[in-house]
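Here the structure is a predicted model, which is why all the values come from computation and not from measurement. Position 1 is the first residue of the sequence, and the numbers go up from there.
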Amino acid sequence: MSVHDPFMRRAFDLAASAAFKGNHPFGAVLVNAGEVVLLAENTVNTSGDQTRHAELNLIAEARRTHPREFLAECTLYASTAPCPMCVYAIWESGITRVVYGVIYEKFAKLITKDAPYIKIEDIYRLLKTPAQITGGVLEEEGTRVYRHWPKK
């Protein structure tokens, strides 16, 4: 068992919770020194706002409640690889440790039918910021959450 597993499973639980509320199944967890600091889930459909991804909801609350120096010491866990919009917000907050469950390629194949994507590692590299990025944590468990994808 990895140190990441409990936090990733929490992100998957949040993703399922989001789906049961009619949103896309994505969750995010902010951790500092092994303790959960904040939780967030996707609210795109219930808010009517396409930017309300789990990671953005988490970062918005984190920036309201914690200084940048604190966030720089945190790890963000995302149920699925964050999109470029979310990556920029994560980067802007000062977070450089990100762990995610389902990798881009798997998500694209299962949900978006091979839509193009930009990897978080590439974005941090373009922004000239060293980062610790870990993907594919408990990926098979994470893909099961997609069965709850809301019907259109």
Side-chain angles (χ1 to χ4, degrees), residues 2-15 18-19 23-45 47-146 149:
S2 163
V3 65
H4 301 305
D5 291 1
F7 305 117
M8 190 54 59
R9 285 192 174 108
R10 191 80 181 267
F12 295 153
D13 289 344
L14 290 162
N23 294 296
H24 300 137
F26 301 108
V29 178
L30 189 66
V31 174
N32 182 282
E35 299 293 323
V36 173
V37 177
L38 289 172
L39 305 169
E41 50 187 64
N42 181 289
T43 57
V44 164
N45 292 337
S47 70
D49 182 346
Q50 286 301 114
T51 69
R52 296 296 82 211
H53 294 191
E55 299 90 341
L56 281 185
N57 287 336
L58 185 128
I59 293 299
E61 182 62 21
R63 293 290 288 156
R64 279 192 290 271
T65 57
H66 298 288
R68 183 178 170 88
E69 298 77 27
F70 176 82
L71 296 178
E73 298 172 358
C74 291
T75 301
L76 187 145
Y77 288 83
S79 58
T80 300
C83 75
M85 174 180 66
C86 292
V87 172
Y88 185 79
I90 294 165
W91 173 81
E92 184 66 33
S93 75
I95 295 171
T96 58
R97 283 190 307 277
V98 179
V99 180
Y100 58 89
V102 181
I103 65 171
Y104 297 90
E105 294 86 351
K106 177 79 83 166
F107 175 73
K109 185 176 273 188
L110 293 171
I111 302 300
T112 63
K113 305 305 177 225
D114 296 318
Y117 52 85
I118 303 170
K119 293 182 177 185
I120 186 172
E121 297 90 336
D122 294 339
I123 295 173
Y124 270 85
R125 191 171 18 265
L126 287 170
L127 294 168
K128 297 180 177 23
T129 305
Q132 297 173 347
I133 312 296
T134 304
V137 175
L138 300 174
E139 185 173 45
E140 287 309 311
E141 285 183 42
T143 59
R144 289 185 213 127
V145 176
Y146 299 148
W149 198 275

Straight-line distance of Cys83 SG to Ile90 CD1, nearest 0.5 Å: 8.5 Å

In this structure, SG of Cys74 is separated from CG of Leu38 (nearest 0.5 Å) by 8.0 Å

Look up atom CG in Asp13 and atom CD in Glu41, then write down how far apart they are to the nearest 0.5 Å. 10.5 Å

Between Val98 and Pro82, what is the shortest heavy-atom contact and its length? CG1-CG, 4.3 Å

With a 6.0 Å cut-off on the ring centroids, do Tyr117 and Phe107 count as close? no

So do Asp5 and Ser2 actually touch side chain to side chain, heavy atoms under 4.5 Å? yes

Could you pull out all donor-acceptor pairs under 3.5 Å where a side-chain atom in residues 25-36 meets a protein atom, sequence neighbours excluded?
none

Under a 3.5 Å threshold, yes or no: a donor from one side chain and an acceptor from the other, between Arg97 and Thr75? yes

Any side-chain heavy-atom pair from Tyr77 and His4 closer than 4.5 angstrom? yes

What's the spacing between Ser93 OG and Leu71 CG if we round to 0.5 Å? 5.5 Å

Begin from the C-alpha positions of Arg64 and Glu61 and carry the test salt bridge (Lys or Arg N to Asp or Glu O under 4.0 Å) through to its verdict. CA-CA 5 Å; Arg64 279 192 290 271; Glu61 182 62 21; 3.0 Å; yes

Distance-only polar pair, side chains of Tyr104 and Thr80, donor-acceptor under 3.5 Å: no

Hey, is the main chain of Arg52 close enough, under 3.5 Å, to the side chain of Asn57 for a donor-acceptor pair? yes

Kindly list each side-chain donor-acceptor pair under 3.5 angstrom involving residues 125-137, sequence neighbours excluded, with atom names and distances?
unit_1	atom_1	unit_2	atom_2	d
Arg125	NH2	Asp122	OD1	2.4
Thr129	OG1	Trp91	NE1	2.7
Thr129	OG1	Leu127	O	3.1

Look up atom CD1 in Ile118 and atom CE in Met85, then write down how far apart they are to the nearest 0.5 Å. 13.0 Å

Run the side chain to side chain contact (heavy atoms under 4.5 Å, CB included) test on Glu92 and Arg63 for me, step by step, so that the C-alpha distance in whole Å, both residues' side-chain angles and the decisive distance to 0.1 Å come before the verdict. CA-CA 10 Å; Glu92 184 66 33; Arg63 293 290 288 156; 5.9 Å; no

Assess the residue pair Lys106 and Glu140 against the criterion (salt bridge (Lys or Arg N to Asp or Glu O under 4.0 Å)); give the C-alpha distance rounded to whole Å, side-chain angles, the decisive distance to 0.1 Å, and a yes or no. CA-CA 10 Å; Lys106 177 79 83 166; Glu140 287 309 311; 3.3 Å; yes

Nearest non-hydrogen partners of Leu138 and Met8, listed with the distance: CD1-CB, 4.2 Å

Show, in sequence, the C-alpha distance, side-chain angles and deciding distance for Tyr100 and Leu76, and conclude whether the side chain to side chain contact (heavy atoms under 4.5 Å, CB included) test is met. CA-CA 8 Å; Tyr100 58 89; Leu76 187 145; over 6 Å; no

Heavy-atom pair with the smallest gap, counting every atom of Val145 and Ala15: CG1-CB, 3.5 Å

Are any of the side-chain nitrogens in Arg144 or Glu139 under 4.0 Å away from the carboxylate oxygens of its partner? no

Return the SG to CD1 distance between Cys86 and Ile120, rounded to the nearest 0.5 Å. 9.5 Å

